Asker: 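Dropping a structure here in structure tokens format, bear with me for questions.
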Amino acid sequence: MKQYVIKRILTAIPLIIVISFVCFVFINLIPSNPAEVALRVRQVPIITEEAIAEVEAELGLDKPYFIRYITWLFDCLHGDFGISYVNPSRTVAGELARCLPATLQLAGASLVMVILLSIPIGFLCAVYKDGIFDKVMRGLVFITTAMPPYWVGLLLMWLVAIKLDLLPTSGNGSWQHLILPAFTVSLSYISTYIRLIRNNMLENMKQDYVLYANVRGLPQKQILIKHILKNSMHTCIVAIGMSIPQLISGTIVVENVFAWPGLGTLCISSIFNRDYPVIQTYVLLIGVLFVVFNLLFDILQTISDPRMRKEGM
Amino acid sequence: MKPVLKVEDLSVILNSKKSGKVLVENSDFEVYPGECLGILGESGSGKSMTVKSFLGLLDKQFTAKGSAWFEGKNLMQEGKESLRSIRGKEISMVLQNPMTCFDPLYRIGNQMSETFATHTKWSSKEIRENSMDILKRMHIRNPEEVLEKYPHQLSGGMLQRIMIGLAVSLKPKLLIADEPTTAIDSITQHEILNAFLEIKEQHNTAMIFISHDLGAISKVADKIIVMNKGQIVDRGDFHHILHHAKDSYTRLLIEKRNAVLNRYQKVLGGAV
Amino acid sequence: MFRRFIKNKTAVGTVALVLIIAILGILAPVIAPNDPYKTDIINKFASFSWQYPFGTDNLGRCILSRMLYGIRPTLGLAVLTMLGTIGLGALMGLLAGYFRGIIEEVIMRVVDVMLSFPSQVMVFAVVALLGINVQNVILANVFIKWAWYARMIRTGVMQYRERNFIQFSRCVGTPERFILIRHLIPSIAADLAVLSSLDVGWAIINISTLSFLGLGVQAPTPEWGAMLNEAKNVLTSNPTQMIIPGIAIVILVSAFNLMGDALRDVLDPKEVAE
């Protein structure tokens with residue numbers, strides 16, 4: 001068991017290094033000279049050779065490639081991700097730290113919605129397979145997978161916030177502000193997991209252990225919840241857990257629709273302003289989260305499944 | 001003597017969009033206390049279907065007709081809840097694939113005790129004692145450890161014996177064994193058959209033994225019915241079936257078995 | 001296979017629907033009632049009329065005409081993206097699966113890294129890097145998706161490589177390139193058709209999302225995502241503006257999703273036997 005965990009962690013390290021390298025190369029692939037971009041962004045009227053050299057020194061762009069990667073990596077490990085091109089008085093780390101809580105709040109609320117809605121709905125769909133509820137839900141699931149999230153956001157904003165005036169349209173501040181964006185982010189995941197849980201439960205219902213539980217006369221509720229649901233949840237929780245970073249990156253679009261002051265809004269405005277260090281750090285952050293969550297839930301799955309647990313380890 | 005189970009005119013139909021397909025047709029048979037009825041037939045002949053129909057274990061897409069009298073009740077008319085309380089206590093069953101019949105996520109002890117908790121009012125201490133008792137009676141070594149094991153950690157033969165032990169533990173009036181020897185190797189098969197013989201002698205339980213294996217059936221069954229394509233084609237004791245089978249399918253089964261037996265004796269004879 | 005296709009109503013229906021939409025897009029200059037760029041400030045936010053069947057937008061432009069012209073970038077770019085993705089993925093997958101050795105090792109490691117990156121963020125990163133532009137949106141989408149196809153096609157190649165008929169052609173001595181084209185491509189085509197029709201839907205959503213955010217097709221050009229971006233600005237005063245482009249996207253994406261499912265039924269004989 002321990003060996004397996006250590007092995008998994010060790011395989012994740014090279015992946016993180018590759019991701020960091022790609023992120024580093026990314027900023028150096030920009031067609032224009034970053035120093036020049038920085039000068040232009042700071043609205044320096046005349047860009048001279050000296051000014052460029054000065055900014056290059058300031059940003060550490062005059063050193064050899066590999067050294068720059070190593071120093072950059074070490075800086076990153078210390079939490080120093082460089083300076084924003086747009087606003088040199090601000091560090092990238094500071095910018096991210098300012099926006100991260102709002103995004104985590106949104107992603108967290110979405111995750112809660114995904115779990116609270118998809119599991120019971122998927123469960124009911126499987127139990128009452130081909131009933132009215134199942135058919136309606138299957139229809140909804142089909143339609144929501146074809147709806148672009150930003151449109152869902154607009155529709156909800158119009159219907160719930162403007163027409164019915166139940167919730168605020170945009171911005172953040174209270175829990176009411178959170179509901180619409182969180183639901184928009186979670187909608188496509190909810191439909192994915194409704195389908196996953198439903199199909200997984202139907203698959204499990206055909207298993208011999210369910211027949212044997214029936215043969216032993218166990219109550220239907222107990223068979224459904226203790227045996228079938230638990231077996232299905234096992235797969236689904238791992239899938240949901242692994243999709244958490246995707247949920248975080250999925251907030252980009254929705255944050256923009258609802259003017260939610262999080263990482264997504266920061267990312268888009270950075271793209272428009274060509275604030276490369278911010279984008280770079282954002283990609284690095286999400287990439288690392290991806291690897292870490294995959295690792296985490298892979299290990300969790302192994303630990304929680306008795307079949308995968310090896311004895312005496 | 002009154003039969004424990006009396007099945008009359010039992011049919012099972014598979015509902016499909018166009019027309020119903022009859023899977024079991026007008027089956028009738030009865031089982032008396034202390035007697036073992038063997039149901040012989042190849043897979044798909046409707047043996048398990050017959051049994052599942054009166055226990056309420058069929059999916060929605062099947063319809064069953066007819067009657068099955070047990071303890072003065074017609075099981076075909078009983079509600080779901082009443083059938084459930086009968087299953088596992090008064091009529092218990094042993095299934096074919098022991099390796100897949102236990103939920104992989106729970107320990108054996110847990111799955112045994114949930115069965116007792118459903119049908120009895122025992123305290124957790126009594127449940128544990130009874131579980132240990134079953135394992136001991138089924139000749140399983142280190143019963144305490146086995147209770148703590150997960151299904152995948154035990155062998156098929158062991159799980160099969162646990163299943164049999166669990167099936168007889170609540171002193172059922174009727175024990176149904178659905179191909180209990182098919183999925184295990186021949187040495188274990190022998191042990192399992194002996195376990196059934198012991199049960200018959202000790203508990204005087206009525207038994208239905210379903211198999212496609214004439215050899216296995218001949219060991220435990222007192223009476224045999226042969227099913228083919230959903231119909232009962234022959235009935236009688238083993239001797240009768242062996243020598244006076246009317247149906248061509250039954251004769252084919254017997255011939256095959258005899259051929260194997262002859263070949264076996266020849267090989268043995270050759271070795272001497 | 002063709003007869004199974006004709007029998008499957010969903011497959012025929014969705015393919016027909018997509019073809020009709022595509023033809024409408026191609027014929028937009030002929031059938032559109034108005035010039036999609038012509039503004040008519042007096043008639044802005046007009047509702048349905050004979051002159052403007054779907055009404056007009058914030059600048060008084062004909063919505064129906066803009067929708068028809070919008071088919072070209074919306075559907076066209078998505079199809080282009082998928083062609084690029086499949087092309088690159090197929091090339092890499094075939095190289096890896098057929099030649100093995102170092103080539104395979106290198107390609108598959110790259111694929112692993114690509115698959116471990118969060119795709120949505122990568123699109124934004126690539127667009128940020130290359131600049132806000134339509135070509136770059138396509139490049140970005142191809143860049144994040146090709147690895148899936150490379151892996152699928154490689155697996156397909158490996159499976160069919162082991163099958164007897166290829167070994168037989170080998171013994172007979174047909175040149176390798178011939179074996180590749182003659183046997184492998186038709187065998188993989190079925191899986192490819194299913195997956196790519198599902199992914200066209202994905203590409204439509206993805207590209208329209210970028211246009212919506214202002215990172216893709218730019219403002220005056222009629223594209224459904226960009227139209228929704230403009231509709232967003234007038235959400236409070238004229239909410240109906242977002243209805244038509246949104247529904248159009250849902251219909252088109254649903255058509256592709258249904259088509260993918262239907263093609264699976266048509267191409268997978270196991271399912272049909274039921």
Side-chain angles (χ1 to χ4, degrees), chain A residues 12 14-16 18-19 21-23 26-27 29-32 142-155 157-159 161-163 169 188 245-246 248-253 256-257 264 267-268 270-276 278-280 282-287 289-291 294, chain C residues 109-110 112-132 198 201-202 204-215 224-225 228-229 231-243 245-258 261:
Chain A
L15 204 55
I16 289 184
V18 170
I19 288 175
F21 189 70
V22 170
C23 288
F26 160 80
I27 205 165
L29 276 178
I30 302 158
S32 48
F142 181 77
I143 290 184
T144 48
T145 45
M147 295 209 302
Y150 59 90
W151 191 57
V152 173
L154 290 182
L155 279 181
M157 200 194 266
W158 169 68
L159 184 74
I162 297 173
K163 194 94 186 179
T169 48
S188 65
Q246 257 170 316
I248 294 175
S249 69
T251 59
I252 291 186
V253 179
N256 259 276
V257 174
C267 176
I268 298 293
S270 302
I271 292 176
F272 280 117
N273 295 329
R274 308 195 159 217
D275 197 348
Y276 295 112
V278 176
I279 304 166
Q280 180 191 36
Y282 181 69
V283 175
L284 180 68
L285 180 75
I286 301 285
L289 280 181
F290 237 71
V291 176
N294 258 313
Chain C
R109 285 293 81 74
V110 174
D112 283 347
V113 172
M114 289 305 303
L115 293 182
S116 65
F117 259 81
S119 57
Q120 188 144 30
V121 172
M122 282 312 282
V123 176
F124 289 110
V126 174
V127 172
L129 175 68
L130 299 175
I132 297 166
L198 291 173
W202 166 87
I204 290 170
I205 289 190
N206 226 345
I207 293 171
S208 75
T209 303
L210 288 166
S211 300
F212 174 78
L213 293 172
L215 298 174
W224 297 351
L228 282 169
N229 187 19
K232 180 195 165 197
N233 300 328
V234 293
L235 181 68
T236 337
S237 55
N238 288 74
T240 44
Q241 289 284 310
M242 65 175 185
I243 302 291
I247 288 177
I249 292 177
V250 173
I251 290 174
L252 192 54
V253 175
S254 305
F256 277 107
N257 287 352
L258 272 177
D261 290 344

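In what follows, chains carry the letters A, B, and so on, assigned in the order in which the sequence lines appear, proteins first and then strands, with residues in each chain numbered from 1. Not measured: the values here are computed from a predicted model.
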Asker: Sequence neighbours excluded, which residues qualify as side chain to side chain donor-acceptor pair (under 3.5 Å) partners of C:N229?
Answerer: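 Counting only residues at least two positions away or on another chain, C:N229 forms no side chain to side chain donor-acceptor pair (under 3.5 Å).
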Asker: Using a cut-off of under 4.5 Å on heavy-atom pairs, state which of C:P245, C:A128, C:G201 scores highest against chain A.
Answerer: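 Max contact count across the listed options: C:A128.
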Asker: Sequence neighbours excluded, which residues qualify as side chain to side chain donor-acceptor pair (under 3.5 Å) partners of A:Y150?
Answerer: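 Expected list: C:S208.
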Asker: Using the side chain to side chain contact (heavy atoms under 4.5 Å, CB included) rule, take A:I279 and C:F124 through it: C-alpha gap first, then chi angles, then the decisive distance, then the call.
Answerer: CA-CA 9 Å; A:I279 304 166; C:F124 289 110; over 6 Å; no
Asker: Below 4.5 Å from any heavy atom of chain C, which atoms of A:I252 appear? Answer side chain, backbone, both or neither.
Answerer: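 It is the side chain, since no backbone atom gets that close.
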Asker: Between chain C and each of A:I286, A:D275, A:V18, A:I143, count heavy-atom pairs under 4.5 Å; write down the option with the most.
Answerer: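 Ranked by contacts with chain C, first place is A:I286.
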Asker: Rounded to the nearest 0.5 Å, how far does OG1 of A:T145 lie from CG of C:L198?
Answerer: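 The OG1 atom of A:T145 is 10.0 Å from CG of C:L198, to the nearest 0.5 Å.
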Asker: Could you tell me whether the side chain of A:W151 and the main chain of C:M242 form a donor-acceptor pair under 3.5 Å?
Answerer: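 Checked: pair present.
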Asker: Do C:L215 and A:I268 pass the side chain to side chain contact (heavy atoms under 4.5 Å, CB included) test, and can you show the C-alpha distance, the side-chain angles, and the key distance before you say yes or no?
Answerer: CA-CA 9 Å; C:L215 298 174; A:I268 298 293; 3.9 Å; yes
Asker: Which answer fits A:L155, side chain, backbone, both or neither, if we ask what part of it has an atom under 4.5 Å from a heavy atom of chain C?
Answerer: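 Contact with chain C: backbone and side chain both.
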Asker: Taking all heavy atoms of C:V121 and all of A:S249, pick out the closest pair and write down the distance.
Answerer: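 Minimum heavy-atom separation between C:V121 and A:S249: CG2-CB, 3.1 Å.
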Asker: Hey, are the side chains of C:I204 and A:P148 touching, using non-hydrogen atoms and a 4.5 Å cut-off?
Answerer: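 Heavy-atom side-chain distance check fails, nothing below 4.5 Å.
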Asker: Relative to chain A, which segment of C:L210 carries a heavy atom at a distance below 4.5 Å: side chain, backbone, both, or neither?
Answerer: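 Neither part, no heavy atoms under 4.5 Å.
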Asker: So do C:F212 and A:V257 actually touch side chain to side chain, heavy atoms under 4.5 Å?
Answerer: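 With C-beta onward as the side chain, the pair touches.
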Asker: Name the option with the most non-hydrogen atom pairs under 4.5 Å to chain C; the candidates are A:V152, A:V283, A:V22, A:I248.
Answerer: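 Of A:V152, A:V283, A:V22, A:I248, A:V283 has the most heavy-atom pairs under 4.5 Å with chain C.
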Asker: Chain A: which of C:V250, C:V253, C:I249, C:I247 shares the most heavy-atom pairs with it under 4.5 Å?
Answerer: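 Most pairs with chain A among the choices: C:V250.
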Asker: Identify which part of C:L258 has an atom lying under 4.5 Å from any heavy atom of chain A, answering side chain, backbone, both or neither.
Answerer: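 Contact with chain A: backbone and side chain both.
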